[in-house]
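What follows is one structure encoded as C-alpha cells, with my remarks underneath.
Keep in mind that what you see is a predicted model, and the values were worked out from it rather than measured.
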Amino acid sequence: MALIKCPECGKEISDKAEVCPNCGCPIKASNSNSSEINDSEPRDSDQMSNGEEDFKYIESGKEKKAMSKKTKGAIGVFAGVIIIGGIVLYLLTANMRTYDKAIELLTDKNYAEASKIFKELDDYKDASVKYKECKMNIADDLFVQKKYKDAIKLFDELGDFGDAEAKSDESYYLIAKSLCNEENYKEAEQIYLQLAEYKDSKELSEKCKYEQTVDGQFIRELSKGLVDRWDYSEEGYLKEFGKEFDDMESSEYMEYLKKCVNCELDKVNDFQAKEFLDETLGEKALRYIESLNNGLAAIDYYSMDNIKYNVLWNDVYSTRVLLIRDFVNNHGLVVDEAHQKTLDEFITNASIVDEQNALDEAINSMVDGYTYEAKDNGYGNISYTVNMENTTDVTFEYFGCSVDVLDENGTIIYTGYTGEIKQFEPGQKAQLEVYTGVQGASLKFHPNYYVQQ
C-alpha cells in the first residue's frame, strides 16, 4: 500500500481508498483516470467527451482541483449574503437618496415638488424644517404675485417660522389698501382694526371710518370732479369740437365752459341737501357749490357783456382756489400723481389771490378815506374836488376811480370819473376833479388801477 495526496484537500491517504476519509472526494476513479492518462496515448475527442468528468486539465498542464459540494454550498451562501446585504443597504439608504433629490428640487426652486418629498420624509434629518422652508418660498412667490389671500393661508400655517407672521400682517395690510382703492372702506376698516399696531393701521382705520361719512364722501367726490374737469379742459374739447379755442364760435366756447363747470357739479351738487358732521366743512361745501353755479351764470354774459363776464368769472375763480386750498390743508383733499401738478398750481394761485385780496382791502380802505367837496360852476354845472392819497405800499402805474353820485336814499343819480394819476406812489397825494352836473348827498368810489410790477 502506498500513500497518495487527496486531489481535493491535499491530505495523505491510502492509494487503496475509494474516497478521501477527510473531505469525501472520490479517489479510486481519480487514480485510475490519472494512470490511464499518464500510461497510455491520449484518446480522441469523441472518447474524451463520453462519460462525466470529475476534473479537467488547464493549458499549463497544472491540475485544477474539482469543487466539492461543500465548497459550492459555501460560495452560494456567501453570494446570497452579498445580495441580501446589497438589498438591505439599498433599502437603508432610500431616505438619503430621496432627501438628496428633494434638496436638488429645492435648489432648482421647484418648491412644490420638494415640499411633497420633505413632508413624506417627516423626521428624517431636517426634512420638517426644509418642508417649512419650501412652504415659505411658495408663500413668498404668491406674495410677489399679489395673491395675498393664498399667501396668507400658507403664512398662517407656518406660524412663527421665520418671518411668516410679519409677512401675513403685510399681506392683510396690502389687501386693506386695495380695498381702499376700490372705496370699500368698511371692509378695509375691519382689517386695519385687526392689525392693531402694525405700521399705521390705527390711523388708517380712522381714515376709513371718516371716508364713510358725508364729510369724507364730499371730499372724495370733489377730487373726482376736479380731475374730470382738468382732463376735459386739457383735451376733451379738442375731441369734441375738433378745433382750438381761438377757432371756436362764441356759442361753442360757452358750451365748452359750461361742460367744464358741470364736470364738478355732477359730482358735488347733491351734497347741498346732506348733513355734514363738520358744520364748518358743510358751509364751505355750500359756498363751493354756489361758486360753481355762479360760474354757469357768468358764462351767460360771455357773448353779451364781456367785461361783466370777466369780473364774475374772476370772482368765481378766486373763490374756488381759496376753498380748494382750504380743503387740501384742512380736510384732506388729494388727487392722483398725474394731477398733482395742476393742484399745486391752484395752491400757488391761491397765494396770488391772497395778495390781491389784501391789496383790494388796502385800496378800499384808502378810497374810503378820500374827502371831497362840491363846487357849483353855474348853470347847474356841479363838480367835485376829490382829495386822494396813496396809503398802500404799492406804486400804481395808473390809478383812477369811477364815481357814483348818490341821493339821500343811496340811489345812484349820476356816474362820473376822476381821471387817472400816473405813477401814483406810496404816500403821494393828489386832487382830481369830477364833473357830475348834479349834486348828490354822497359819493361812492370804484377804483380802476394797474399795479406797477
Side-chain angles (χ1 to χ4, degrees), residues 283-284 287-288 290-292 294-295 297-299 301-302 305-326 329 345-375 382-453:
E283 292 171 359
K284 294 172 185 176
R287 285 171 53 200
Y288 193 84
E290 182 183 18
S291 73
L292 293 174
N294 289 341
I299 295 169
Y301 289 97
Y302 180 79
D305 188 342
N306 198 256
I307 293 177
K308 188 169 185 178
Y309 158 76
N310 283 321
V311 171
L312 295 174
W313 188 259
N314 288 336
D315 285 345
V316 168
Y317 181 80
S318 297
T319 301
R320 285 182 62 236
V321 296
L322 292 177
L323 284 171
I324 287 171
R325 180 181 63 185
D326 186 86
N329 293 340
E345 290 173 357
F346 267 71
I347 305 303
T348 300
N349 290 342
S351 298
I352 296 173
V353 171
D354 283 338
E355 294 174 2
Q356 183 60 52
N357 287 343
L359 178 59
D360 289 344
E361 184 177 347
I363 292 172
N364 288 333
S365 177
M366 179 177 75
V367 299
D368 285 345
Y370 287 173
T371 62
Y372 54 87
E373 54 186 45
K375 180 181 180 182
I382 304 298
S383 65
Y384 287 85
T385 301
V386 181
N387 301 304
M388 307 173 114
E389 181 181 0
N390 183 358
T391 58
T392 71
D393 57 359
V394 299
T395 296
F396 297 97
E397 192 169 313
Y398 68 82
F399 185 89
C401 293
S402 59
V403 182
D404 293 334
V405 181
L406 309 177
D407 63 13
E408 293 82 356
N409 299 318
T411 303
I412 298 174
I413 58 177
Y414 188 85
T415 298
Y417 190 67
T418 62
E420 293 181 356
I421 304 172
K422 300 293 182 64
Q423 296 300 309
F424 196 23
E425 298 178 352
Q428 190 174 13
K429 296 180 180 180
Q431 281 189 339
L432 292 178
E433 295 290 326
V434 181
Y435 295 93
T436 64
V438 295
Q439 184 171 353
S442 62
L443 302 181
K444 185 175 182 180
F445 300 97
H446 303 283
N448 297 300
Y449 57 87
Y450 183 80
V451 176
Q452 181 174 299
Q453 303 300 315

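- Screening residues 309-321 for salt bridge (Lys or Arg N to Asp or Glu O under 4.0 Å) gives Glu264-Arg320 as the qualifying pairs, with residues at least two apart or on separate chains.
- Proximity of Leu406 to Ile413: side-chain heavy atoms (C-beta onward) are nowhere separated by under 4.5 Å.
- Listed here is the closest heavy atom pair of Ser291 and Val316: O-CG1, 3.3 Å.
- Distance check: Glu433 CD to Thr436 OG1 gives 10.5 Å after rounding to the nearest 0.5 Å.
- Panel note: side chain Asn390, backbone Phe424; a donor-acceptor pair is recorded below 3.5 Å.
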Worked check of side chain to side chain donor-acceptor pair (under 3.5 Å) between Asn314 and Asn310: CA-CA 6 Å; Asn314 288 336; Asn310 283 321; 5.4 Å; no

Test salt bridge (charged side-chain N to carboxylate O under 4.0 Å, His left out) applied to Arg325 and Asp354, step by step: CA-CA 11 Å; Arg325 180 181 63 185; Asp354 283 338; 2.5 Å; yes

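- In this structure, Tyr301 has its ring center no closer than 6.0 Å to that of Tyr309.
- Looking only at side-chain heavy atoms (C-beta outward), Val367 and Cys401 come within less than 4.5 Å of each other.
- Taking all atoms of both residues into account, the shortest heavy-atom contact from Val438 to Tyr384 is O-CE1, 3.9 Å.
- Taking all atoms of both residues into account, the shortest heavy-atom contact from Ile324 to Tyr288 is CD1-OH, 3.6 Å.
- Val434 has its side chain out of reach of Tyr372: every pair of non-hydrogen atoms, C-beta onward, lies at least 4.5 Å apart.
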Full working for side chain to side chain contact (heavy atoms under 4.5 Å, CB included) between Val353 and Asn357: CA-CA 6 Å; Val353 171; Asn357 287 343; 3.5 Å; yes

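- The line from NZ of Lys375 to CD1 of Ile382 is 11.0 Å long, rounded to the nearest 0.5 Å.
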Scan the side chains in residues 442-451 for donor-acceptor partners under 3.5 Å anywhere in the protein, sequence neighbours excluded, and list what turns up.
residue, atom, partner, partner atom, Å
His446, NE2, Asp404, OD2, 2.7
Tyr449, OH, Gln356, NE2, 3.1
Tyr449, OH, Asp360, OD1, 2.7

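- Summarising the geometry of Gln452 relative to Gln423, their closest heavy-atom pair is OE1-OE1, 2.7 Å, with the distance given to 0.1 Å.
- Here the CG-CG distance, from Leu312 to Asp305, works out to 8.5 Å after rounding to the nearest 0.5 Å.
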Could you go through the side chain to side chain contact (heavy atoms under 4.5 Å, CB included) check for Phe399 and Met388 one step at a time? CA-CA 11 Å; Phe399 185 89; Met388 307 173 114; 4.0 Å; yes

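- Taking each heavy atom of Pro426 and Thr395 in turn, the nearest pair found is CD-OG1, 3.3 Å.
- For the pair Ile412/Val405, no side-chain contact is recorded, criterion being any heavy-atom separation below 4.5 Å from C-beta on.
- Summarising the geometry, atom CG belonging to Asn387 is positioned 4.5 Å from atom CD belonging to Gln431; distances are rounded to the nearest 0.5 Å.
- The shortest distance between side-chain heavy atoms of Leu432 and Thr385 does not fall below 4.5 Å.
- Interatomic distance, OG1 of Thr319 versus CG of Asn294, reported as 8.0 Å (0.5 Å rounding).
- Of the inter-residue distances, the one linking Lys308 atom NZ with Trp313 atom CH2 reads 16.0 Å to the nearest 0.5 angstrom.
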